[in-house]
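In what follows, a structure is listed as structure tokens, so that the remarks can point back to it.
Lettering follows sequence order; numbering is per chain, from 1. All heavy atoms count here, side chains included; hydrogens, waters and symmetry mates do not.
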Amino acid sequence: MEKYRPEKIEKKWQKIWEEMDVFRALDKSKKPKYYVLVEFPYPSGEGLHVGHCRSYIGLDILARKRRMQGFNVLFPMGWDAFGLPTENYAIKTGIHPAIATKKNTTNFKRQQKNLGLSFDWKREINTTDPLYYKWTQWIFIQLFKKGLAYKAKMPINWCPSCKIGLANEEVIDGKCERCGKKATRKEREQWFLKITKYADRLIQDLDKVDYPERVKISQKEWIGRSEGAEIKFPIPVFTTRPDTLFGCTYLVLAPEHPLIEKLKHKIRNYKQVKDYIEKSKKKIEKERIAEDKEKTGIELKGIKATNPVNNRKIPIFIADYVLMHYGTGAIMAVPGHDQRDFDFAKRYNLPIIEVIKPKDSKYDPSKQAYEGEGILINSGRFTGMKSEQAKQRITEWLTRKGSAKTAVHYRLRDWIFSRQRYWGEPIPMIKCEKCGWQPVPEKDLPVELPKVKGYKPTKSGESPLAKVKTWIKVACPECGNAGRRETDVMPNWAGSNWYYLRYCDSQNDKKLAGAKLLEKWMPVDWYNGGMEHTTLHLLYSRFIYKFLWDIGAVPRGVGPEPYKKRTSHGIVLGEGGIKMSKSKGNVINPEQVIKEHGADAMRIYEMFMGPFEQMIPWDTKGVKGVRRFLQKVWQLSEKIQNPNAKIQNPKLIHKTIKKVSEDIENLKFNTAVSALMILANGLEKQKEISEKDYSLFLILLSPFAPHITEELWERAGFKGMCCEQKWPKYDSKLVKEKKITLVIQINGKVRDKIEVEADISEKEAKKIALSRDKVLKYTRGKEIKKTIFISGKLINFVI
RNA sequence: GCCCAGGUGGCGGAAUGGUUUACGCGCAUCACUUAAAAUGAUGUGAGAGAAAUCUCAUGUGGGUUCGAGUCCCACCCUGGGCACCA
């Protein structure tokens with residue numbers, strides 16, 4: 001028999017699949033639908049990463065299995081192509097980002113096709129295509145019309161190197177997420193999206209979806225809902241601990257608090273206060289809240305606040321560890337029961353009053369604050385009450401007096417949605433002196449990105465679009481007078497918020513997607529992507545989906561959540577367990593692996609290397625082992641020469657059907673591959689293999705190694721295509737073993753093993769076991785106190 | 001500091017409370033070969049022993065149980081995320 005040559009057969013079958021359009025998702029089919037989604041990649045210049053492949057191959061196996069199970073499967077692919085690396089490349093080389101994107105997507109697509117992935121390429125989308133971003137812009141306009149997009153001046157995180165405003169989420173360790181340079185702050189007008197309005201629903205609806213628990217937890221924590229009260233001092237202050245109000249001895253305001261400017265004529269030390277404010281303005285947020293830093297602050301001399309529970313006058317400070325955008329930008333300080341306040345009070349010699357009696361007596365109130373709950377002390381008529389009850393009663397009492405109300409605050413902030421860059425969707429807004437911000441009329445969408453000479457942001461930090469005078473000038477859609485276009489563009493998350501909807505109806509030019517097709521395909525049945533997207537992309541896209549559902553752009557019947565089930569794949573590390581990176585020179589190029597060992601070997605290795613959800617180091621030797629396995633599979637075909645060969649191994653086959661079927665559903669691809677190897681080893685030992693056994697083996701292997709199985713299927717002269725066969729069901733009778741190895745234990749230690757019928761009774765097992773020499777060695781002269789018998793497994797004697 | 005995940009051979013890892021180390025890699029010996037590669041066969045947790053066999057091993061220390069990698073408690077280490085959030 002000729003040698004296994006993947007390079008020959010893989011190209012052949014990829015071509016046939018394409019020509020016969022076998023992976024097409026059918027809009028009109030009567031079969032039940034199944035929507036499999038993998039995160040679409042950012043087509044970088046580096047090409048496909050072996051980590052991308054992990055997600056694609058795993059879900060491709062699932063998609064292929066679903067098709068064989070009789071589902072009409074939608075498994076699409078596209079490009080999330082707006083973004084900084086391409087723009088930075090344009091700045092460096094002068095090559096237009098659209099040209100670089102075209103080149104990169106062509107490269108990615110070729111690499112994906114080489115892997116034999118069963119995407120429906122007829123639905124391919126690209127976020128940088130004006131016909132696509134027309135709808136991204138349309139969504140923005142709807143958000144604006146509903147009051148969910150607004151412009152506000154805000155001290156934002158600013159990267160002096162990228163010349164771009166950064167969302168808080170994009171600043172890592174005080175540095176710009178993309179370039180790694182130190183971030184500072186800058187005042188700027190920015191568009192914001194009111195994701196906070198959806199905070200409660202984003203938490204509640206997590207109950208309706210099947211996500212890993214840790215993903216749900218991190219989304220909840222990111223949103224950070226906390227219930228408490230807003231107390232008037234009369235400056236409003238948010239607290240979750242109204243039970244500690246009697247211990248409040250001063251207030252602290254954020255340096256940006258508007259009250260400071262308002263009351264400046266009353267503040268006696270205003271000059272020093274101003275200095276402090278200026279200093280804190282320069283610090284980025286992470287620096288302000290860094291833990292090891294000494295807490296600094298300054299008292300506002302000349303003004304006082306009043307604690308409403310006892311009408312005491314208390315001093316007011318400003319300190320940069322208090323943040324303007326959380327709560328009300330002011331806190332009540334309870335040094336007895338909050339460690340930050342305690343440290344601050346010690347430093348500035350402020351009174352510390354204990355108002356909660358600690359539960360544990362070991363604690364020393366002169367050394368640290370007691371942050372737990374307990375019984376109230378020194379709290380007027382609330383003394384003796386438990387914290388939980390006191391929270392409620394004090395809030396009620398103050399509410400009646402008009403100096404409090406219950407309140408809920410979130411840690412989640414509104415989403416900064418503008419970038420002063422070029423390679424993004426232009427924000428479709430026009431500013432008119434008379435009418436204010438007006439959306440571009442929908443008939444004029446898309447607002448296409450104009451050609452520019454250079455891609456660098458202006459020195460003032462404005463988008464390069466600000467230099468295109470002819471493009472900026474436009475008539476106000478409301479009054480017709482001269483207006484100005486918005487020159488900021490959207491962040492690269494914009495296009496990925498709704499892309500899974502577009503796949504359902506990718507050619508529609510009237511709507512972002514037609515209601516009928518959305519109803520047919522949505523929601524996504526299974527969505528896989530990186531763990532790093534759980535708090536950004538996954539949360540943002542749920543928010544945008546909910547909005548589109550609210551305004552009827554997605555039909556009511558689809559339900560409030562876009563993704564039924566979400567899983568994550570572990571990243572692939574370089575050999576030796578360190579992260580793959582260009583600088584370390586340990587990047588594995590999937591194309592090279594395919595060239596050397598074939599796509600099937602690459603696919604199986606990526607699944608076999610370890611648990612799908614865990615991060616695993618790459619091991620080139622492992623690919624060789626998998627290649628050997630495929631070689632063995634190739635040679636099995638020699639054993640089916642005799643068409644009258646009897647079915648010889650139904651037991652092993654049916655066990656494998658069970659194992660592989662269940663493992664795919666649980667993303668346990670590594671053990672599924674192992675089961676297929678065991679089956680292949682078993683078949684190899686036989687003199688001949690029946691056609692029935694052989695065809696079942698090929699079917700089971702085909703989602704993992706689609707090319708070799710298709711080729712062997714054809715060579716065996718079987719009908720149709722292997723990938724279109726019915727997924728087999730196992731016979732539960734055949735899965736059970738008749739003879740088993742019964743383990744004999746003495747006091748829980750294995751002392752002997754016997755071959756017996758699987759359904760052997762306890763009495764009989766005991767009889768046989770106690771006659772064995774090895775057992776007698778231990779039991780002779782001893783009393784058997786107890787016998788534990790687990791049918792089909794073991795018998796244990798306690799002596 | 002808090003939250004999450006994890007710690008099993010030389011390596012990647014497997015294991016519904018019931019034979020620890022499946023499957024694969026690597027290594028060793030043998031066969032084929034002038035030789036190497038490839039392929040095939042056998043072996044391969046550690047210690048003791050000529051062998052049968054015995055003892056000890058799932059990060060550490062306790063506990064529950066006839067029996068614990070698995071359940072409970074405390075701790076150590078690694079990776080990831082969050083962090084003056086009022």
Exercise. What is the ring orientation for A:His533 with A:Trp493, classed by angle as parallel under 30°, tilted 30 to 60°, or perpendicular over 60°?
Worked result: perpendicular
Exercise. Any chance the rings of A:Phe704 and A:Phe608 have centres within less than 6.0 Å?
Worked result: no
Problem set entry | A:Leu323 side-chain proximity, nearest of B:G79, B:C66, B:A86 | B:A86
Problem set entry | Spacing of A:Lys753 atom NZ relative to B:G18 atom P, expressed in whole Å | 16 Å
For this session: Could you check A:Ala675 against A:Glu684 and say which one's nearest nucleotide on RNA chain B is further toward the 5' end?
Result: A:Ala675
Exercise. Phosphate oxygens OP1/OP2 of B:C25: is one of them under 4.0 Å from a side-chain N or O of A:Arg628?
Worked result: yes
Problem set entry | A:Tyr540 ring center within less than 6.0 Å of A:Trp415 ring center | yes
Problem set entry | Pair A:Phe344 and A:Phe317, ring centroids less than 6.0 Å apart | yes
Exercise. So which nucleotide from B:U19, B:U16, B:C23 ends up closest to the side chain of A:Lys793?
Worked result: B:U16
Seminar exercise, completed: Of the candidates B:C66, B:G79, B:G24, the side chain of A:Asn681 sits closest to B:G24
Exercise. What nucleic acid atoms does A:Lys632 come within less than 4.0 Å of, heavy atoms only: base, sugar-phosphate, or nothing?
Worked result: nothing
Exercise. Out of B:C25, B:U19, B:G18, which nucleotide sits closest to the side chain of A:Asp619?
Worked result: B:C25
For this session: Examine the base of B:G81 for any acceptor or donor lying under 3.5 Å from a partner atom in the side chain of A:Glu221, and report the outcome as yes or no.
Result: no
Problem set entry | Among B:G18, B:C54, B:A22, the nucleotide that comes nearest once only the side chain of A:Ile678 is considered | B:A22
